[in-house]
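Just the heavy atoms: all of them, side chains too, but no hydrogens, waters or symmetry mates, feed the values below. Model, not experiment: these values are computed from the prediction.
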Amino acid sequence: MKKLKLPSELAFFAGMALLAVGIAFFIKADFGMSVIQSCAYILSLTMPFFSFGTLNYLLQLVLIAALCLIVRRFSLRFIVSFGSAVFYGYTVDFVIYLMRALSAGSLVARIAFFVVGFFLIIFAV
C-alpha cells in the first residue's frame, strides 16, 4: 500500500481551519471554552467593536511582545507566529460568520455542538 504524503504546510493550515470550526461550535454550544481562547472571547463580548478573531491575534501580538522583552531578542519566527495567528483570527471570524444562522435552541443541540467542537479541536491539534 502506497503511503499518502501531505505537505506539512497544507496540514498546518487545514488544522488551523478545523480548529476555527471547532471553536465556533464551542461558542454556539455556550458551555465554555478553552483557557487560551477565553480571554479573547470575553474581551470580544465586552468590546463589540473588535471581533473575536481580531482579539485573538491582538492578544497573540501582546504575548509575542512580552516574549521579546523577556528573552531580550527578536526572531523571524516570532513574525511567522504572528502571521499564523492573523490567519487563524480571520478564519475564526469567517467561520463564525458562516455559522451565524445556526443556533442551538435545546440542551441536546448544545451538547451535540459541544461534542462536535470537541472532536474537531482534538483532530485539528
Side-chain angles (χ1 to χ4, degrees):
M1 187 164 128
K2 190 174 182 180
K3 200 173 197 181
L4 177 67
K5 289 202 173 205
L6 183 68
S8 59
E9 293 84 5
L10 181 64
F12 176 75
F13 287 114
M16 294 280 270
L18 284 176
L19 186 62
V21 175
I23 291 296
F25 271 105
F26 267 21
I27 290 171
K28 289 290 186 179
D30 199 26
F31 283 139
M33 63 180 53
S34 68
V35 175
I36 195 70
Q37 297 290 326
S38 63
C39 293
Y41 183 65
I42 295 300
L43 288 174
S44 72
L45 294 178
T46 59
M47 297 187 295
F49 46 89
F50 285 119
S51 69
F52 176 56
T54 301
L55 285 166
N56 261 304
Y57 66 78
L58 289 177
L59 287 173
Q60 179 74 14
L61 180 63
V62 169
L63 291 173
I64 291 171
L67 175 68
C68 289
L69 290 173
I70 291 169
V71 298
R72 293 191 177 118
R73 67 178 175 87
F74 184 77
S75 174
L76 182 62
R77 286 185 266 172
F78 300 159
I79 294 174
V80 174
S81 172
F82 179 68
S84 66
V86 171
F87 171 77
Y88 173 72
Y90 279 114
T91 305
V92 166
D93 283 343
F94 181 67
V95 170
I96 289 172
Y97 174 76
L98 289 178
M99 293 176 64
R100 70 189 179 282
L102 195 63
S103 69
S106 69
L107 181 61
V108 173
R110 289 177 61 199
I111 291 170
F113 281 14
F114 184 83
V115 169
V116 168
F118 181 77
F119 283 107
L120 282 172
I121 289 171
I122 287 173
F123 185 71
V125 170

For F118, look at atom CZ and say whether over 12 heavy atoms of other residues, nucleotides or ligands are found less than 6.0 Å away. no

Closest non-hydrogen atom pair, A29 against R110: O-NE, 2.7 Å

Side-chain contact test, heavy atoms from C-beta onward, threshold under 4.5 Å: evaluate it for Q37 versus V92 and give yes or no. no

Classify the ring geometry of F114 against F26: parallel below 30°, tilted from 30° to 60°, perpendicular beyond 60°. parallel

Nearest 0.5 angstrom please: L18 CG to T91 OG1, how far? 11.0 Å

same_hphob_cluster(L76, L67) at 4.5 Å side-chain heavy-atom cutoff: yes

Looking only at heavy atoms, which two atoms of C68 and F74 are closest? And how far apart? SG-CD1, 3.4 Å

Which atom of G22 lies closest to which atom of L120, heavy atoms considered: CA-CB, 3.9 Å

Shortest non-hydrogen separation from R73 to F78 and the atoms involved: O-CE1, 3.7 Å

Short question: side chain of D93, backbone of G53 - any donor-acceptor pair under 3.5 Å? yes

Might you point out which heavy atoms bring G117 and F25 nearest each other, and give the distance in Å? CA-CB, 3.7 Å

Do Y88 and F82 sit in one hydrophobic cluster, given that two such residues count as connected whenever their side-chain heavy atoms are within less than 4.5 Å of each other, even indirectly? no

Indicate, with yes or no, if Y90 and F50 share a hydrophobic cluster defined by side-chain heavy-atom contacts under 4.5 Å among Ile, Leu, Val, Met, Phe, Trp and Tyr. yes

Look at atom CZ of F31 and say whether more than 12 heavy atoms of other residues, nucleotides or ligands are closer to it than 6.0 Å. yes

Do the side chains of T54 and Y57 get nearer than 4.5 Å, heavy atoms only? yes

Only one of I27, N56, T46 passes side-chain contact (heavy atoms from CB on, under 4.5 Å) with Y41, and that residue is I27

Within a strict 4.5 Å, meaning less than it, do heavy atoms of the L58 and L43 side chains meet? no

What is the distance from atom CZ of F13 to atom OG of S8, rounded to the nearest 0.5 Å? 10.0 Å

Nearest atoms (heavy-atom pairs only) where S44 meets S51: CB-C, 4.2 Å

Quick check: is L61 connected to F49 through a chain of hydrophobic side chains (ILVMFWY, heavy atoms under 4.5 Å apart)? yes

Would you say that more than 12 heavy atoms from the other residues, nucleotides or ligands in this model lie under 6.0 Å from the CZ of F87, or not? yes

Take atom CZ of R100 as the centre, draw a 6.0 Å sphere, and report whether it contains more than 12 heavy atoms from other residues, nucleotides or ligands. yes

Any chain of hydrophobic side-chain contacts (each under 4.5 Å) joining V116 to I111? no

Let me confirm one number: the CG-CD1 distance from L55 to I42, rounded to the nearest 0.5 Å. 11.5 Å

Do L19 and I121 have side chains that get closer than 4.5 Å, going by heavy atoms? yes

Can you tell me how far OG of S103 sits from CG of D30, rounded to the nearest 0.5 angstrom? 12.0 Å

Under a 3.5 Å distance rule, please check whether K28 uses its side chain to pair with a backbone N or O of F113 as donor and acceptor. no

